[in-house]
*Asks:* 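Structure in structure tokens, see below.
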Amino acid sequence: MGMCLPCLGGAADDVVVTPDPDTRRRQLAEAAEKRQKEVSNRGIKNPEALERKRKKQEEIEKQAETAAVAPAGGGGLRWQVG
């Protein structure tokens with residue numbers, strides 16, 4: 001005869017313990033963050049290098065903006081004709 005009753009067959013090993021709601025919520029949030037990060041980096045071989053390149057480009061743009069705002073008569077080269 002086969003074992004048809006779970007209490008006789010060691011079915012207690014098959015029981016999955018569910019974590020408390022706070023732990024489960026934290027796990028789901030971590031999994032969602034991981035999926036979001038993977039989606040945003042899809043197709044990028046080196047995301048760290050891309051981030052460095054983006055920051056450097058922002059710095060260059062910021063310097064260009066400050067240079068464009070500087071007064072025209074201050075500190076530039078002057079030519080004398082004569």
Side-chain angles (χ1 to χ4, degrees):
M1 291 202 64
M3 296 178 150
C4 60
L5 298 174
C7 60
L8 299 176
D13 297 337
D14 297 337
V15 175
V16 177
V17 178
T18 336
D20 62 294
D22 290 333
T23 304
R24 183 72 177 145
R25 194 174 299 118
R26 183 179 45 80
Q27 289 174 341
L28 289 172
E30 289 172 358
E33 279 183 29
K34 184 179 177 183
R35 282 192 307 272
Q36 198 172 34
K37 195 176 214 182
E38 287 174 353
V39 167
S40 67
N41 291 334
R42 182 169 288 156
I44 300 171
K45 293 182 180 179
N46 191 350
E48 291 85 15
L50 182 67
E51 184 66 22
R52 285 192 307 269
K53 188 175 183 180
R54 185 185 62 78
K55 285 186 180 182
K56 187 172 184 174
Q57 183 65 30
E58 286 177 359
E59 288 177 17
I60 291 171
E61 289 174 1
K62 193 174 188 181
Q63 288 175 353
E65 286 177 7
T66 56
V69 173
L77 295 176
R78 294 184 183 183
W79 295 90
Q80 283 187 341
V81 179

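Note: hydrogens, waters and symmetry copies are ignored here, and every other heavy atom, side chains too, is used.
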*Asks:* Pick out which of Arg54, Lys62, Lys55 makes a side-chain hydrogen bond (donor to acceptor under 3.5 Å, both in side chains) with Glu58.
*Replies:* Arg54

*Asks:* Give the intermediate values and the outcome of side chain to side chain contact (heavy atoms under 4.5 Å, CB included) for residues Arg24 and Gln27.
*Replies:* CA-CA 5 Å; Arg24 183 72 177 145; Gln27 289 174 341; 3.9 Å; yes

*Asks:* For a 4.5 angstrom cut-off between non-hydrogen side-chain atoms, does Leu28 reach Arg25?
*Replies:* no

*Asks:* In terms of side-chain geometry, is the basic nitrogen of Arg26 or Glu30 positioned less than 4.0 Å from the acidic oxygen of its partner?
*Replies:* yes

*Asks:* Distance from Gln36 atom CD to Glu33 atom CD, nearest 0.5 Å?
*Replies:* 7.5 Å

